[in-house]
Amino acid sequence: MLRIAVPNKGSLSGPAAEMLHEAGYQQRREAKELRIVDPVNEVEFFYLRPRDIAIYVSSGRLDIGITGEDLLIDSGADAEVILPLGFARSTFRFAARPGTATSIADLAGRTVATSYEGIVAKHLADQGIGASVVHLDGAVETAIQLGVAEVIADVVETGTSLRNAGLEVFGEPIMKSEAVVIRRTDATADDGAEPKVQQFLRRLQGVLVARTYVMMDYDCRVEQLEKAVALTPGLESPTVSPLHNEGWVAVRAMVPSKEAQRIMDDLYEIGARAILTTAIHACRL
């Protein structure tokens, strides 16, 4: 069986489980379950701490895993990203009291507190900045107030918690992260798990496409078909079928869901009618 690591809690857990369910995989029913077997799809899921997943995958004990790109880099594990998943996006930045620093160059000789010591130490080293890094497991904003550090480095979403602590972000982002599928770096194409890994990736890619596109159907006059097709080119080409009423055709094409309403307006303006959109639940490209 293909052995897959899945986050057991936190912001990665729910969206990962939802995506796997949409991809047709059985998921656990109770949070206390640490391992389940999906015999139909020949997959075994292990629910682990997100921070530990890269270590397990790099050891070869598990074939692939879902975790945050930031957690992968922070771990220093011998694993690599094989598919970005588009959720749990975040930005990692430095923050301090106003007037402390304006750029990374101002961190020389200072102390930085963070829960992501691996990321911060590497970033500082890459920039040639000599600064001390203090590892904390959480609530790093308090480190400045208590005098443990002069600067913090943490995930920033809205910045509200930083402002409430009297801090502000500065300099360029350290990195941007999202949920990713990872695999051991030295995994090879002749690995026995390769066919199942590729099938797993195709399923997740199908979910990503299904979430991004909708299917659009409409009727239009033949003389307006070229204009309509220009608005809805589809992935390769739209499907066009003649209608019973002469001079009319039915058109079907995939369109980006974010643009669907605008495209419907444009189609209506050129005379298209019976314009419908339907959700796509799964696909293969």
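We number each residue from 1, following the sequence as shown. Keep in mind that the numbers below use all heavy atoms, side chains included, and drop hydrogens, waters and symmetry copies.
- Partners of Ser132 by side chain to side chain donor-acceptor pair (under 3.5 Å), not counting sequence neighbours: none found.
- Under the rule for a side chain to side chain donor-acceptor pair (under 3.5 Å), the partners of Arg262 that lie at least two apart in sequence or sit in another chain are Glu259, Asp266.
- The cluster map of Ile, Leu, Val, Met, Phe, Trp and Tyr, joined by side-chain heavy atoms under 4.5 Å apart, puts Leu124 and Leu136 in different clusters.
- In this structure, Arg203 satisfies the cation-pi test against Tyr25, with its NZ or CZ atom closer than 6.0 Å to the six-membered ring centre and inside 45 degrees of the ring normal.
- The aromatic ring centroids of Tyr218 and Tyr268 lie 6.0 Å or more from each other.
- Within the 4.5 Å cutoff, no side-chain heavy atoms of Met215 are placed close to those of Thr277.
- A distance of 13.5 Å separates CZ of Arg97 from CZ of Phe170, quoted to the nearest 0.5 Å.
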Donor-acceptor pairs under 3.5 Å, side chain of residues 73-82 to any protein atom, not counting sequence neighbours: which ones?
from  : atom 1 : to     : atom 2 : distance (Å)
Asp74 : OD1    : Glu117 : N      : 3.2
Asp74 : OD1    : Gly118 : N      : 2.7
Asp74 : OD1    : Ile119 : N      : 3.0
Asp74 : OD2    : Arg51  : NH1    : 3.0
Ser75 : OG     : Leu72  : O      : 2.7
Ser75 : OG     : Ala77  : N      : 3.1
Asp78 : OD1    : Thr185 : OG1    : 2.9

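- Using modelled atom types, one finds a donor on one side chain and an acceptor on the other under 3.5 Å when comparing Glu194 with Gln198.
- When the salt bridge (Lys or Arg N to Asp or Glu O under 4.0 Å) test is applied to Lys32, the partners found at least two apart in sequence or on another chain are Glu30.
- The side chain to side chain donor-acceptor pair (under 3.5 Å) test applied to Glu69 returns no partner, not counting sequence neighbours.
- A search for side chain to side chain donor-acceptor pair (under 3.5 Å) contacts involving Gln27 returns Tyr47, not counting sequence neighbours.
- Here the CD-NZ distance, from Glu269 to Lys227, works out to 11.5 Å after rounding to the nearest 0.5 Å.
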